[in-house]
Amino acid sequence: MTAVAVHNVQKTYNKIPVVNNLSFEIPRGEMFGLLGPNGAGKSTTIRMLITLTRPTQGEIRVAGYDVRRQAAQVKRSIGVVLQQVSVDVDLTVWENLEFHGRMHHIPNPERQQRIDRWLGYVGLSERKDSLVKTLSGGMKRRLQIARALLHEPEILFLDEPTVGLDPQNRRRLWEIIQDLNQQGMTMLLTTHYMEEVEFLCDRIGIMDAGALIELGTLAEFKAKHGEGIVIQQQGDRLESQFFPTLDAANAHIEAARDRTGMMSRATNLEDIFVKLTGHQLD
Ligand code: ADP
């Protein structure tokens, strides 16, 4: 079964296309990562998938529903964690979840049971009565996740879920995300962190300038672009050259007359990203 289907989607703002001829599908249970530099169109894509922005052209189905004609059914089937903190900081942790639970018409005592379960899951039970404004950034993000899960969605959308978090909190969120996926949740996350995608995602879509320029698993990317890389200092620049295997990269260095400033190593996602887009991510 397909959880997300995007066919020939275009989005234009003031006649300028910011998403162009985008097509991809996410099967149920997959962890899919959309990677790209700032301005690539990742947020616009996610906003179309979660019915916040209408596509200018093309078709999007989420959980089998059309985002244009069946927006209410789409909203019931998805959980959303956006980049900006979208919980009410002047309410308590519990009040935020209570409000969300009522919006989704979850009756009591079921509602309280679910609030308790998801607060326990994200490690916030002890902060149930705290005002959200007193929580750390990592805690706020975990609260957003608990809220997104309260109505038991089929698909979870995470827009830059760990941006601005310290390494420890980022790890903690990764564990939660990975665990949810292992329980069968389909997930789409956008990020500009390479290691996030390498660590979490089954399949990766690389976006640049509104278009999907590569789609597949990391292993497929490496098989296509090369498993080994030779990096060489050229003045103040680094030149990279890809090789089918690390052995071939090593052999290239050994055969070189002047090996000064040359090194080889296994290719990583960032190497491939730079090769494809011509720019580095921060
Ligand atoms: P990303 O999430 O990959 O950083 P975005 O989807 O936020 O990229 O933005 C893609 C492009 O669309 C950017 O050039 C941005 O300025 C433009 N854009 C996004 N939202 C709007 C809007 N509401 N009106 C006009 N332009 C927009």
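All of these numbers come straight from a predicted model, not from anything done at the bench. As the structure lists them, so they are numbered: ligands from 1, and atoms in each ligand from 1.
Partners of Glu30 under the side chain to side chain contact (heavy atoms under 4.5 Å, CB included) rule, at least two apart in sequence or in another chain, are Ile26, Pro27, Phe32, Asp202, Arg203. Here Gln57 pairs with Gln10 under the side chain to side chain contact (heavy atoms under 4.5 Å, CB included) rule; sequence neighbours left out. Scanning for side chain to side chain donor-acceptor pair (under 3.5 Å) contacts around Glu227 gives an empty result, with sequence neighbours left out.
The residues lining ligand 1, counting any heavy atom closer than 4.0 Å, are Tyr13, Val18, Pro37, Asn38, Gly39, Ala40, Gly41, Lys42, Ser43, Thr44.
Arg259 contributes a side-chain N or O that, together with a main-chain N or O of Glu254, makes up a donor-acceptor pair within less than 3.5 Å. Arg147 places a side-chain N or O within 3.5 Å of a backbone atom of Ser86 that can act as its donor or acceptor partner.
Considering all non-hydrogen atoms of both residues, Arg28 and Glu154 come closest at NH2-OE1, 3.1 Å.
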